[in-house]
Amino acid sequence: MAFKYSLVERRSKPSDPDSEKQWYGTPQSSTSLSGKEMTRAATKNTTTAPIELEASLDLLADFVPEQLLQGHTVVIPGLGYFRLTFKSKGAATVEDFDPKEMFYDVRPVFVPDKAFRKRVQNNIVFEDGGVTKDGVSYRTRADYLLQTGGSTPGTGGNDDDSGQGTFG
């Protein structure tokens with residue numbers, strides 16, 4: 001299955017209205033599976049019942065924040081790890097530092113496992129999901145070029161006009 005992307009034209013420096021416009025690829029997100037749909041799909045062809053996986057994920061969702069708040073990094077084997085991060089304001093002296101006032105933007109961060117990341121990167125195939133320009137969406141680059149009089153699109157290394165290419 002291919003991962004769809006769209007091309008969107010925008011300024012290379014958004015804060016500078018005189019900067020040139022360039023085309024950027026953006027992910028086309030599809031509707032996510034519900035929890036029940038995901039557990040059903042994940043346990044297909046296994047002896048694990050979807051309700052067991054759902055219960056395990058609920059336990060993990062309760063466990064991870066608890067561990068992060070204790071200062072632990074939480075490793076999920078085969079996926080990666082969670083850690084807590086925050087930003088801090090500075091204080092003139094050690095005595096002036098008040099953690100309640102100085103810490104902000106506290107958030108959990110997920111860092112994917114290297115093997116997991118590689119598995120995604122080495123197997124991804126991109127599919128042309130269209131072009132958006134001036135509020136108008138075109139189904140494919142070829143449709144956009146046909147409507148605007150442009151030339152045949154490059155395909156990122158593929159010889160056909162499908163707009164598919166691999167990353168890796």
Side-chain angles (χ1 to χ4, degrees), residues 1-16 19 22-132 137 155-158 162-168:
M1 181 172 294
F3 189 90
K4 284 192 174 189
Y5 68 92
S6 294
L7 292 177
V8 178
E9 186 179 41
R10 59 180 182 235
R11 300 208 179 279
S12 57
K13 295 179 186 170
S15 60
D16 179 2
S19 67
Q22 293 185 334
W23 291 98
Y24 295 87
T26 60
Q28 260 191 12
S29 297
S30 59
T31 305
S32 61
L33 296 174
S34 71
K36 288 193 183 306
E37 292 169 326
M38 188 271 301
T39 56
R40 226 177 291 126
T43 57
K44 183 179 172 182
N45 300 324
T46 72
T47 59
T48 303
I51 193 78
E52 292 173 315
L53 179 56
E54 195 172 342
S56 298
L57 292 172
D58 286 343
L59 288 170
L60 191 61
D62 289 340
F63 177 77
V64 171
E66 191 177 280
Q67 293 298 301
L68 291 175
L69 292 171
Q70 292 178 30
H72 300 286
T73 296
V74 182
V75 176
I76 314 244
L79 290 178
Y81 63 90
F82 285 95
R83 63 180 173 82
L84 202 56
T85 187
F86 54 83
K87 294 180 181 175
S88 175
K89 297 175 188 172
T93 67
V94 170
E95 292 85 2
D96 291 339
F97 191 87
D98 178 3
K100 289 181 182 177
E101 297 292 321
M102 305 307 230
F103 291 142
Y104 66 100
D105 196 19
V106 177
R107 57 193 159 90
V109 173
F110 177 75
V111 179
D113 180 82
K114 287 179 184 178
F116 174 78
R117 180 181 293 174
K118 279 288 190 199
R119 200 164 100 206
V120 171
Q121 290 174 337
N122 290 341
N123 292 297
I124 195 163
V125 174
F126 292 100
E127 180 180 325
D128 181 356
V131 173
T132 301
S137 294
T155 58
N158 256 349
S162 69
Q164 293 185 352
T166 56
F167 177 82

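In this structure, the side chains of Leu57 and Met38 come closer than 4.5 Å at one or more pairs of heavy atoms. Annotation: side chain of Ile76 is in contact with side chain of Leu60 (closest heavy-atom distance under 4.5 Å). The shortest side-chain heavy-atom distance between Arg40 and Lys44 does not fall under the 4.5 Å cut-off. Using a 4.5 Å heavy-atom cutoff, the side chains of Ser12 and Tyr24 are in contact. Side-chain contact check for Asp105 versus Arg107: some heavy-atom pair is nearer than 4.5 Å. Contact check for Ile51 versus Glu54: side-chain heavy atoms found under the 4.5 Å cut-off. Residues Val111 and Arg83 are in side-chain contact: their nearest non-hydrogen atoms beyond the backbone lie under 4.5 Å apart. With contacts defined as side-chain heavy-atom distances shorter than 4.5 Å, the pair Tyr5/Thr26 does not qualify.
Between Thr48 and Leu53 the shortest heavy-atom distance is CG2-N, 4.3 Å. The minimum heavy-atom distance between Gln28 and Gly129, with the atom names listed, is NE2-O, 2.6 Å. Residues Gly78 and Phe116 come closest through the heavy atom pair O-CB, 3.6 Å. Residue Thr46 comes nearest to Ala42 through the heavy atom pair CG2-O, 4.3 Å, listed as atom of the first residue, atom of the second, then distance. Here the closest non-hydrogen pair linking Leu84 and Pro108 is CD1-N, 3.9 Å.
With sequence neighbours excluded, the residues forming a side-chain contact (heavy atoms from CB on, under 4.5 Å) with Lys100 are Asp98, listed by chain and number.
Within 6.0 Å of CZ on Arg119 lie no more than 12 heavy atoms contributed by other residues, nucleotides or ligands.
Residue pairs meeting the ring pair (Phe, Tyr, Trp, His ring centres under 6.0 Å) criterion with at least one member in residues 48-90, sequence neighbours excluded: Phe82-Phe110, Phe86-Phe103.
How far NZ of Lys89 is from CE of Met102: 7.5 Å, rounded to the nearest 0.5 Å.
A donor-acceptor pair under 3.5 Å is formed between the side chain of Ser34 and the backbone N or O of Glu37.
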